[in-house]
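Indexing begins at 1, ligand by ligand and atom by atom, following the structure's order.
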Amino acid sequence: METRFKRVVVKAGSNVLTCDDGTPDTSTMESIVGQIARLRECGTEVILVSSGAVVSGKNILKSSRKLDAVSARQLFSAVGQARLINSYYELFSRHGIMCGQVLTTKESLSTRDHYLNQMNCMTVMLENGVIPIVNENDTISVTELMFTDNDELSGMVATMMDAECLVILSNVNGIYNGNPDLPETHVIREIHPGEDISGFIRSGKSGFGRGGMITKYRIASKVADEGIEVIIANGKRPGILQDLVLGTGSETECTRFLPSDKPISHVKKWIAHSEGFAKGTIHVNQGAFEALTGEKASSLLPVGVTAVEGEFEKGDIVRIISPDGLPAGVGKVSLGSQKAREIMGQKGKKPLIHYDYLYIETND
Ligand code: GLU
């Protein structure tokens with residue numbers, strides 16, 4: 001059977017891998033593994049981003065004392081991750097497939113060297129027929145520097161690994177255009193690049209994971225903007241991955257974010273996901289804002305800068321803020337904050353952020 005994609009990232013959330021009573025949903029896990037094995041037979045490389053460590057540890061451990069949130073996350077994930085990877089190892093072995101564990105933290109992806117190193121790790125695994133199973137290393141990640149959730153991590157992995165598609169498996173069929181309990185509500189089937197449907201999304205999260213639909217939507221839009229198709233679908237549905245990746249179920253209910261046909265460079269993709277590492281903030285005037293968001297490729301020149309906040313060094317990531325005070329993008333600076341303050345507003349200076357190291361959010 002023909003596959004639609006050569007490489008996909010599949011993200012399985014805690015809610016997909018867990019039963020309502022908090023015990024691991026072994027039959028869903030078995031089904032997902034079986035489907036991934038089938039995708040491989042059809043020529044698709046798969047990277048699995050799997051949550052479920054914390055909930056899996058919590059389910060078997062009773063602590064002797066009341067734990068604070070950080071200690072609980074560390075204790076439960078330490079045990080739960082071992083349990084989780086053990087199950088995957090066993091399940092993939094039944095299909096004659098080798099899998100391996102990749103644990104990461106947001107901080108350890110914060111420089112381009114670390115990023116490329118992580119990319120190399122997963123590339124060598126895939127080249128050797130090993131399925132990378134990725135999760136945040138919750139035992140060592142510092143609360144303030146954590147990924148919002150594994151949706152964010154999966155977006156970064158899809159971008160980093162040049163995947164053609166990111167499938168986010170949740171326990172709902174997709175993004176609804178209203179309250180799912182009402183009969184007139186339905187799943188939004190397709191979202192075009194730049195289309196804003198945020199008004200439909202209800203805040204709050206359900207069940208066992210950290211994330212919710214708002215982060216899913218934010219990440220999915222960003223990743224689709226980078227030229228990767230993103231699908232939010234129900235991981236509890238049997239055969240869902242085959243339906244979506246092999247195209248056997250074109251009518252399958254899910255939300256599809258159509259990829260932008262203006263793919264961006266690999267460096268820009270890294271920068272696009274680097275906002276969390278930003279060391280400072282640069283405010284720009286209207287002229288610079290229009291140049292940056294216009295059709296022509298433009299670098300950010302000191303003349304267009306109105307304020308520089310925070311302390312940063314050459315090569316650090318900074319946030320760019322529009323004249324209206326709204327986030328406009330992210331970039332890698334060619335000067336430190338002190339020098340940037342000295343020359344801001346001046347004409348005839350070299351770019352503060354070169355176009356190649358600039359990622360501007362498109363909301364059109
Ligand atoms: N890394 C967490 C875990 O494995 C999941 C984070 C999330 O819910 O997205 O339990």
Side-chain angles (χ1 to χ4, degrees), residues 9-26 28-29 32-33 47-61 63 67-89 91 99-109 118 131-159 166-172 175 201 203-220 222-223 230 232-236 273 276:
V9 171
V10 174
K11 185 254 167 174
S14 301
N15 289 330
V16 177
L17 302 169
T18 312
C19 300
D20 290 343
D21 61 0
T23 55
D25 185 345
T26 35
T28 297
M29 211 165 161
I32 289 175
V33 168
I47 298 160
L48 178 62
V49 176
S50 177
S51 305
V54 173
V55 64
S56 173
K58 200 172 188 169
N59 177 249
I60 40 172
L61 265 177
S63 171
L67 295 171
D68 61 83
V70 174
S71 309
R73 187 177 75 231
Q74 291 176 323
L75 174 69
F76 296 145
S77 66
V79 176
Q81 180 65 27
R83 190 181 183 203
L84 192 69
I85 204 72
N86 211 8
S87 308
Y88 277 124
Y89 194 87
L91 290 171
C99 65
Q101 168 175 272
V102 179
L103 293 180
T104 191
T105 62
K106 191 164 187 171
E107 218 190 350
S108 63
L109 293 171
Q118 189 83 97
I131 298 207
I133 302 184
V134 188
N135 196 1
E136 181 164 11
N137 192 348
D138 296 297
T139 59
I140 58 160
S141 50
V142 178
T143 309
E144 297 73 33
L145 302 173
M146 282 174 83
F147 289 102
T148 317
D149 51 40
N150 271 2
D151 298 321
E152 188 184 10
L153 173 59
S154 68
M156 198 157 194
V157 171
T159 302
L166 165 64
V167 183
I168 298 180
L169 295 178
S170 174
N171 58 351
V172 290
I175 301 180
I201 301 172
S203 57
K205 65 170 209 71
S206 60
F208 302 104
R210 277 212 301 273
M213 209 37 103
I214 291 183
T215 15
K216 282 187 183 46
Y217 172 64
R218 189 172 59 80
I219 298 297
K222 187 182 227 175
V223 172
V230 183
I232 299 178
N234 193 337
K236 298 267 189 195
H273 288 267

Engineer: Indicate yes or no: does an N/O atom of V55 lie under 3.5 Å from an N/O atom of ligand 1?
Structural biologist: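 Such a contact does not occur with ligand 1.
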Engineer: Which pair of heavy atoms, one from R73 and one from T143, lies closest together, and at what distance?
Structural biologist: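 Heavy atoms only, the tightest pair is NH2-OG1, 3.5 Å.
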Engineer: Run the side chain to side chain contact (heavy atoms under 4.5 Å, CB included) test against V49 and tell me which residues pass, sequence neighbours left out.
Structural biologist: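 By the side chain to side chain contact (heavy atoms under 4.5 Å, CB included) rule, V49 matches V9, K11, V134, N150, L153, S154, V157.
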Engineer: Answer yes or no: is there a side-chain heavy-atom contact under 4.5 Å between S14 and V54?
Structural biologist: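 No, side chains not in contact.
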Engineer: Looking only at distance, does D149 have an N or O less than 3.5 Å from an N or O of ligand 1?
Structural biologist: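 No: no nitrogen or oxygen of D149 is under 3.5 Å from one in ligand 1.
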Engineer: Enter the distance from T139:OG1 to Q81:CD here, rounded to the nearest 0.5 Å.
Structural biologist: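 T139 atom OG1 to Q81 atom CD measures 8.5 Å (nearest 0.5 Å).
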Engineer: Quick one: does N135 get an N or O within less than 3.5 Å of an N or O on ligand 1?
Structural biologist: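 Yes, at least one N or O pair falls under 3.5 Å.
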Engineer: Looking at D138, which atoms of ligand 1 are within less than 4.0 Å of one of its heavy atoms?
Structural biologist: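 Once the distances to D138 are compared, the set is 1 (N), 2 (C), 3 (C), 4 (O).
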Engineer: Identify, with sequence neighbours excluded, every residue that meets side chain to side chain contact (heavy atoms under 4.5 Å, CB included) alongside A220.
Structural biologist: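 Partners of A220 by the side chain to side chain contact (heavy atoms under 4.5 Å, CB included) criterion, ordered by chain and then number, come out as V230, F257.
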Engineer: Taking a cutoff of less than 4.0 Å between a non-hydrogen atom of the residue and any ligand atom, is G52 in contact with ligand 1?
Structural biologist: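 For ligand 1, residue contact (heavy atoms, under 4.0 Å) with G52 is present.
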